[in-house]
There are 2 protein chains.
Amino acid sequence: MNDQQGAAQTGLSTGERLLVGAAELFREKGYAGTTTRELSALVGIQNASLYHHVGGKEDLLYSLCVAALDDVARVFDIPDRGEEPAKVLEQMARGYLEQALKDRDRHATMLTEIRSLSPDRRAAVVARRDENVARLRSVIVSAQEAGQVRADIDPKYLTLALFNLLNWSIFWFNPDGELTKEEIGKILWSVYFDGVAAPAPARTRKPRGTKGSGARKATG
Amino acid sequence: MNDQQGAAQTGLSTGERLLVGAAELFREKGYAGTTTRELSALVGIQNASLYHHVGGKEDLLYSLCVAALDDVARVFDIPDRGEEPAKVLEQMARGYLEQALKDRDRHATMLTEIRSLSPDRRAAVVARRDENVARLRSVIVSAQEAGQVRADIDPKYLTLALFNLLNWSIFWFNPDGELTKEEIGKILWSVYFDGVAAPAPARTRKPRGTKGSGARKATG
DNA sequence: GTCTATACACAGATAGAC
DNA sequence: GTCTATCTGTGTATAGAC
């Protein structure tokens with residue numbers, strides 16, 4: 001495993017380092033706000049050399065978006081072992097978040113800079129993204145049918161709500177912070193599934209979290 | 001009430017129309033991706049005329065951010081009538097969302113383009129934003145102390161989770177869609193407060209939503 | 001308050017040697 | 001595969017007349 005960060009990674013080809021660096025800069029300054037010169041400098045080559053590896057600036061953005069969505073598709077591709085839909089959903093949600101937080105630059109760029117793609121490419125990326133969304137939604141529907149998820153809200157909005165909850169984390173998550181990706185995933189899933197309301201005033205039963213997702217108190 | 005949309009509004013001064021137009025374009029193409037020429041054209045003046053009203057492009061972004069955060073501060077400034085903290089929190093959350101969805105361009109720009117501000121201005125805007133966050137957080141703490149909100153999760157993350165849930169809506173909400181701002185607010189609040197888990201297998205009680213926030217089934 | 005004209009910097013991208 | 005040099009378009013902003 002390569003634990004180095006950013007575009008200065010060793011063991012990567014120049015082309016790969018350009019992609020990593022592009023994600024870094026696009027996230028930090030936006031696509032339009034990033035210059036190919038900055039990127040070249042970050043990677044340690046001249047501006048002209050960049051065009052030996054990449055057709056143009058937009059190619060970098062497109063590759064990034066596709067890679068991010070492939071990440072997600074891979075996470076969502078869970079073999080059917082007959083598990084309870086709610087469990088599968090939890091796996092998908094938490095897997096998605098971990099993946100997205102692992103490659104924040106890439107995923108943040110994908111989420112905010114789709115608009116900067118040419119119409120053709122934008123359409124292709126959006127279609128790919130919609131496939132992922134549909135996949136998650138279908139599991140939500142199954143969970144509703146299995147009586148594990150409330151059915152009084154349209155699955156469309158349950159899906160959107162889940163992505164809401166997870167996506168925005170990409171913009172504030174700090175890998176050096178007090179909580180790991182996994183811990184945040186646990187908490188957010190519990191908020192989504194169990195809600196934040198305090199359990200009904202004790203009927204001499206355990207407070208909650210026994211059957212729930214058991215997010216533990218995180219101090220800080 | 002002025003029901004016209006966008007920068008072509010009548011009854012607004014040129015300066016105000018520049019702000020509206022800037023929000024529109026910044027949201028659509030990003031700050032760096034928007035040219036002052038486009039903005040001038042949208043408002044119907046020459047590029048040079050813009051500088052009679054505004055010091056420069058960045059001034060527009062700064063004004064936008066401050067205005068958006070002032071919106072929020074106003075919504076969060078709820079007089080203490082001794083209401084239950086959880087009710088105050090609901091009011092804040094739903095009020096915030098309605099405000100943000102009403103001025104999506106402005107709020108989306110504020111959320112994604114803070115990075116494009118000069119360091120001084122960025123710091124000022126971030127400080128202002130943090131005040132709003134702190135205000136909401138303090139109500140969450142009160143709700144925990146009152147036993148209305150679960151206390152096994154750090155209020156910091158309950159706060160972040162709520163903003164997650166609300167903020168991302170700004171990017172997909174469609175005013176011409178099937179649900180109104182208010183309906184989406186109802187749903188998202190219910191997801192946050194009650195969770196999406198189906199109520200415990202009927203013990204001959206009503207399904208749920210009686211004591212909860214009562215999001216009704218939205219078809220579509 | 002708006003215009004025409006323009007200064008000046010810097011962007012993405014290419015040519016062609018090594 | 002990387003370099004130096006350079007083309008060409010376009011960006012923000014200003015000067016100064018009306």
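Residue numbering restarts at 1 for every chain, and letters A, B, ... go by the order of the sequence lines.
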> Do B/L166 and A/N164 have side-chain heavy atoms sitting under 4.5 Å apart?
Replying inline: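 Not in contact.
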>> With heavy-atom distances below 4.5 Å as the criterion, would you say the side chains of A/Q144 and A/L158 are in contact?
In response: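 When only atoms from C-beta onward are counted, A/L158 and A/Q144 do touch, with a gap below 4.5 Å.
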Rounded to whole angstroms, how far apart are [atom1] on [X] and [atom2] on [N]?
X     : N      : atom1 : atom2 : value
B/L18 : C/dG1  : CG    : C1'   : 12 Å
A/K29 : C/dC10 : NZ    : C1'   : 13 Å
A/L50 : C/dA11 : CG    : C1'   : 13 Å
B/K57 : C/dC10 : NZ    : C1'   : 13 Å
B/E58 : D/dG11 : CD    : P     : 19 Å

>> I'd like to know if A/E28 pairs up with B/R115 as an ion pair, taking the criterion as any Lys NZ or Arg NE/NH1/NH2 lying under 4.0 Å from an Asp or Glu carboxylate oxygen.
In response: no
> Do NZ/NE/NH1/NH2 and the carboxylate oxygens of A/R94 and A/E182 come within less than 4.0 Å?
Replying inline: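 Salt bridge: no.
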>> If I take atom OG from residue B/S13 and atom CG from residue B/L18, how far apart are they, to the nearest 0.5 angstrom?
In response: 8.5 Å
>> Under 4.0 Å, heavy atoms only, any strand: does A/T34 hit a base, just the sugar-phosphate, or nothing?
In response: sugar-phosphate
Pick out the pairs of N or O atoms, protein on one side and nucleotides 2-6 of chain C on the other, that lie under 3.5 Å.
unit_1 : atom_1 : unit_2 : atom_2 : d
C/dT2  : OP2    : B/H53  : NE2    : 2.6
C/dC3  : OP2    : B/Q46  : N      : 2.5
C/dC3  : OP2    : B/S49  : OG     : 2.9

>> Tell me whether B/R121 forms a cation-pi arrangement with B/Y62, defined as NZ or CZ under 6.0 Å from the six-membered ring centre and within 45 degrees of its axis.
In response: yes
> B/F173 ring centre to B/K181 NZ or CZ under 6.0 Å, with the angle to the axis within 45°?
Replying inline: no
> When B/K29 is tested against each of B/E24, B/E38, B/E113 for salt bridge (charged side-chain N to carboxylate O under 4.0 Å, His left out), which residue passes?
Replying inline: B/E38
> When you check the phosphate oxygens OP1 and OP2 of D/dA13, does a side-chain N or O of B/Y51 lie under 4.0 Å from one of them?
Replying inline: yes
>> Between the opening five pairs and the closing five pairs of the helix from C/dG1-D/dC18 to C/dC18-D/dG1, how far apart are the helix axes, to 10°?
In response: 10°
